[in-house]
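Chain letters run A, B, ... following the sequence lines, proteins first and then strands; every chain starts at 1. Keep in mind it's a predicted model, so treat the numbers as computed, not measured. Hydrogens, waters and symmetry mates play no part in the numbers below; they use all other heavy atoms, side chains included.
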There are 2 protein chains.
Amino acid sequence: MGSTKTDLFNKKQNELANMAKAIAHPARIAILEQLVKTNACICGDLVVELGLAQPTISQHLKELKLAGIIQGSVEGTSVCYCIDPKVWKKFREFFNNFFVEVGDPTGEGCC
Amino acid sequence: MGSTKTDLFNKKQNELANMAKAIAHPARIAILEQLVKTNACICGDLVVELGLAQPTISQHLKELKLAGIIQGSVEGTSVCYCIDPKVWKKFREFFNNFFVEVGDPTGEGCC
DNA sequence: TTCTTCAATTGCAATATTACGATAATTACT
DNA sequence: AGTAATTATCGTAATATTGCAATTGAAGAA
């Protein structure tokens with residue numbers, strides 16, 4: 001126990017769940033916001049911006065990289081991170097498709 | 001350690017992270033899909049639909065209810081669940097606002 | 001009341017996540 | 001080589017999540 005039974009669900013459901021998990025932490029949201037805001041890449045500035053320790057930031061970056069939503073490239077002694085626009089769009093579409101317009105005839109749910 | 005340092009982040013970031021966490025599990029996504037699909041409410045049918053044990057489903061429902069995205073009301077011996085359209089829309093907007101269009105001049109990130 | 005049915009809660013085990021100190025790895029510069 | 005700067009990884013502790021068996025709770029039917 002303790003681990004998700006992914007085999008019970010279809011690919012889309014697992015994929016969307018993983019996407020949600022990738023952004024299910026305020027630090028990772030803050031990182032993505034920074035990367036979008038500054039358009040280009042930053043690196044260890046993130047450690048200063050957010051108040052978390054360097055290993056913690058590094059770990060969050062790793063998870064975002066694993067999810068594919070960011071890229072990192074070595075730039076001298078520092079590392080430059082940025083959004084992967086392709087994957088970003090994929091996220092955008094997945095969440096958009098999931099949160100379809102839902103009818104509310106009564107305006108107050110159904111029960 | 002082990003717990004998120006929510007005080008380092010602003011309200012929007014924490015709120016969005018919590019929303020993401022609410023749907024960061026394929027079972028909860030499957031539940032929401034069912035509720036949207038059947039429009040009206042189901043209840044213990046969810047236990048049959050998904051292959052998880054009754055207490056597990058109950059726990060996922062509890063989390064979704066805590067996030068506010070679903071409502072439950074007693075209907076005889078069974079309980080009827082449904083989407084809260086108001087909160088659903090809020091989720092929709094939050095994710096939509098977060099995943100803004102991101103420019104990709106080169107088409108391949110920035111690093 | 002007793003029985004049945006369905007859902008919530010409890011208690012527990014397994015696993016995952018979050019955070020950080022300490023340490024390594026990498027690159028640039030002397 | 002040695003040093004400084006920056007990031008990744010390791011190891012560990014604290015907490016959170018997932019899942020279910022067993023039980024309890026609540027509502028209707030006998």
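Between W88(B) and F98(A), the two ring planes are tilted [angle within 30° to 60°]. Aromatic ring orientation, F95(B) versus F99(B): parallel (interplanar angle below 30°, classes split at 30° and 60°).
When the nucleotides dA16(D), dA8(C), dA8(D) are ranked by their closest atom to the side chain of K65(B), dA8(C) comes out on top. Of the candidates dC20(C), dT18(C), dT9(C), dT9(C) carries the atom nearest the P55(B) side chain, counting heavy atoms from C-beta on. When the nucleotides dG28(D), dC20(C), dG19(D) are ranked by their closest atom to the side chain of L52(A), dC20(C) comes out on top. Here the side chain of S3(A) is nearest to one of dA16(C), dA7(C), dT9(C), namely dA16(C).
Among the atoms of the strands shown, none is found under 4.0 Å from any heavy atom of L61(A). Counting any heavy atom pair closer than 4.0 Å across all strands shown, T56(A) reaches a base atom. Using a 4.0 Å heavy-atom distance criterion, I57(B) is classed as making no nucleic acid contact. Across all strands, E63(A) comes closer than 4.0 Å only to sugar-phosphate atoms, never to a base (heavy-atom distances).
Between dA8(D) and S58(A), a contact under 4.0 Å exists linking OP1 or OP2 to a side-chain N or O. In this model, the phosphate group of dA19(C) is approached by a side-chain N or O of H60(A) to a distance below 4.0 Å at OP1 or OP2. Neither OP1 nor OP2 of dT6(D) sits under 4.0 Å from any side-chain N or O of Y81(A). For the OP1/OP2 pair of dC20(D) and a distance below 4.0 Å, the side-chain nitrogens and oxygens of K5(A) include at least one atom meeting the criterion.
Atom pair Q54(B):CD and dA7(C):C1' shows a separation of 5 Å (rounding to whole Å applied). Rounded to whole Å, the distance from CG on D45(B) to C1' on dC6(C) is 11 Å. One can place CG of L50(A) at 15 Å from C1' of dT7(D), the figure rounded to the nearest angstrom. Rounded to an integer number of Å, the gap from CG of N18(A) to P of dT17(D) is 16 Å. The nearest whole Å value for the distance from the CZ atom in R28(A) to the C1' atom in dA16(C) is 12 Å. Put simply, CG on L64(B) is 13 Å from P on dT17(D), counting in whole angstrom units. Spacing between atom CG of D7(B) and atom P of dT18(C) amounts to 16 Å, rounded to whole angstrom units.
When each of T77(A) and C43(B) is assigned the nucleotide of DNA chain C bearing its nearest heavy atom, the one mapping closer to the 5' terminus is C43(B). Along DNA chain D, the nucleotide nearest S78(A) and the nucleotide nearest K62(A) are compared for position; the residue whose nucleotide lies closer to the 5' end is S78(A).
Contact of the R28(A) side chain with the I23(A) side chain is not registered, since no non-hydrogen atoms from C-beta on lie closer than 4.5 Å.
Across all non-hydrogen atoms, the minimal contact from L46(B) to Q34(B) is CD2-CB, 3.9 Å.
Judged by distance alone with a 3.5 Å cut-off, no donor-acceptor contact links the side chain of Q59(B) to the base of dA8(C).
Expressed to the nearest 0.5 Å, how far CD1 of I83(A) lies from CG of L32(A) amounts to 5.0 Å.
Here K90(B) pairs with E15(B) in a salt bridge; the nearest charged N to carboxylate O distance falls below 4.0 Å.
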